[in-house]
2 protein chains.
Amino acid sequence: MTSSSARECSIANALAVVGERWSLLVLREVLLGNLRFDAIAAATGGSRDILATRLRTLVEAGVLERRLYSEQPQRYEYLPTQAGRALQPVLLALMEWGDRYVTQGPPPTVWEHSCGAELHLAAVCAACGAPVGSGESRLVRLGGVDRSSRSEPE
Amino acid sequence: MTSSSARECSIANALAVVGERWSLLVLREVLLGNLRFDAIAAATGGSRDILATRLRTLVEAGVLERRLYSEQPQRYEYLPTQAGRALQPVLLALMEWGDRYVTQGPPPTVWEHSCGAELHLAAVCAACGAPVGSGESRLVRLGGVDRSSRSEPE
DNA sequence: AGTAGTGGGTTGGATTATCCAACCCAGCAG
DNA sequence: CTGCTGGGTTGGATAATCCAACCCACTACT
């Protein structure tokens, strides 16, 4: 996975934490308030053994927190940490894209501004504030090795 | 997968298309202008057989387009479609989260605009066109069940 | 002509991951 | 004392991934 020639990138790092199967669906449920194991298993449709593994790794990664909510009998629930809540834009971006390009029919969910119009996530330039097309951007590697995407690397 | 009790959701639908291993990294490269098979394989670090499979499914899903760029010898490259370009917010959201919560030290790579400034993710109002602060938005679920969720439980 | 290199993949075999149903255990409730 | 709930674990089958090696059509070097 961590091949020496592979691009070093926070997208890949993020996916290493939440990119496995079911992880983002688990996050979706937890952010919706479905905190208990059985509820998560039912709502995601994932098998219980994998979900148990995912929940464990997400807790270890600091994305979720496992909390005892009943002493007798012992019962646990999963809460989002700050890092977990910070994944909301990722889920929102996926939802918007799925609404538009995958889901048949009208978007089941709409994100709207307080003025009533629809909201969308967009990549904007920090300086111009303008929306950015795909050809107008590039990844720049900091810290010595500048690996521009347009030129051939080595 | 398509369990009858699982939540119907565009997040899950989106992940069914681009949620497999390497898919989003392939998209990252293509959006950066790395269009050729060998370049994608080198930059992502994925094995060539899986990347060939991913590229095929992404083309079938309408996210990429396979185009002949040389007749003799026959050479192909992969271009993002409109749906592919629309995934940029997903990648940017993942990168921002990875920068903040996974990657140690400063961001190894920065996505920058052609003007030199950094790109970042923003919620923009379709009517106003203005950036939107937290608290001014809400999710509306159409089609019967209105599951209104607070924008940020902080 | 022979050799090496490039681009875009396939193939085979080993290793992991995922799926699914069944099971376990503790604490209740009838 | 039987069954139900919550939160998992176990075993075995199936699918996905990894890795190195190979293939083919062409071009470039010697």
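Letters A, B, ... are given to chains in the order of the sequence lines, protein chains preceding strands, and every chain is numbered from 1. As the structure is a prediction and not an experimental result, all values here were calculated from the model.
- Gln72(B) comes within contact range of the sugar-phosphate backbone alone, with a heavy-atom separation under 4.0 Å but no base atom that close.
- One interatomic measurement links the two molecules: CG of Leu25(A) to P of dC19(C), which rounds to 11 Å at whole-angstrom precision.
- The side chain of Arg66(B) places an N or O atom within less than 4.0 Å of a non-bridging phosphate oxygen (OP1 or OP2) of dG9(C).
- Of the inter-residue distances, the one linking Glu65(A) atom CD with Leu79(A) atom CG reads 5.5 Å to the nearest 0.5 angstrom.
- Contact annotation: Trp22(B) side-chain N/O to dC18(D) OP1/OP2 distance is under 4.0 Å.
- For Arg56(A), a side-chain nitrogen or oxygen approaches OP1 or OP2 of dT9(D) to under 4.0 Å.
- Taking atom CD of residue Glu20(A) and atom P of nucleotide dC19(C), one finds them 12 Å apart after rounding to whole Å.
- Checking dC18(D), dG7(D), dA21(D) against every side-chain atom of Ser47(B), the shortest atom distance belongs to dC18(D).
- Candidate nucleotides dT10(D), dG7(D), dC19(D) were compared by shortest atom distance to the side chain of Tyr69(A), and dG7(D) ranks first.
- Summary of the strand contacts: Ala52(B) and Gln74(A) both lie near DNA chain C, and taking for each the nucleotide with the nearest heavy atom, the more 5' one is attributed to Ala52(B).
- Considering only heavy atoms from C-beta on, Arg7(A) comes within 4.5 Å of Asn34(B) through its side chain.
- Per the geometry, CG belonging to Leu15(B) stands 14 Å off P belonging to dT18(C), to the nearest Å.
- Rounded to whole Å, atom P of dG7(D) lies 9 Å from atom CD1 of Ile40(A).
- If you check every strand for non-hydrogen atoms under 4.0 Å, Tyr76(A) touches sugar and phosphate atoms only.
- Cation-pi geometry between Arg75(B) and Tyr69(B) is not met: the NZ or CZ atom fails to fall both under 6.0 Å from the ring centre and inside 45° of the normal.
- For the pair Arg36(B) CZ and dG8(C) C1', the computed distance is 11 Å after rounding to whole Å.
- Taking 4.5 Å as the limit, some side-chain heavy atom of Val18(A) sits within range of a side-chain heavy atom of Leu58(A).
- In terms of position along DNA chain C, the nucleotide closest to Asp49(A) lies nearer the 5' end than the nucleotide closest to the other residue of the pair Asp49(A) and Pro73(A).
- Here OH of Tyr101(A) is found 13.0 Å from OG of Ser10(B). Values are rounded to the nearest 0.5 Å.
- At the phosphate of dG8(D), OP1 or OP2 sits under 4.0 Å from a side-chain N or O atom of Tyr78(A).
- Distances were taken from every side-chain heavy atom of Arg48(A) (C-beta onward) to each of dT5(D), dT6(C), dG8(D); the shortest belongs to dG8(D).
- Distance from the side chain of Ile50(A) is smallest to dT18(C) among dG8(D), dT17(D), dT18(C).
- Rounding to whole angstrom units, CD of residue Glu77(B) and C1' of dG7(C) are separated by 12 Å.
- The nearest whole Å value for the distance from the CG atom in Leu58(B) to the P atom in dG9(C) is 13 Å.
- A distance of 11.5 Å separates CG of Leu64(B) from CD of Glu77(B), quoted to the nearest 0.5 Å.
- Between Arg54(B) and the phosphate of dT17(D), there is a side-chain N or O to OP1/OP2 separation shorter than 4.0 Å.
- One interatomic measurement links the two molecules: CZ of Arg21(B) to C1' of dT18(C), which rounds to 12 Å at whole-angstrom precision.
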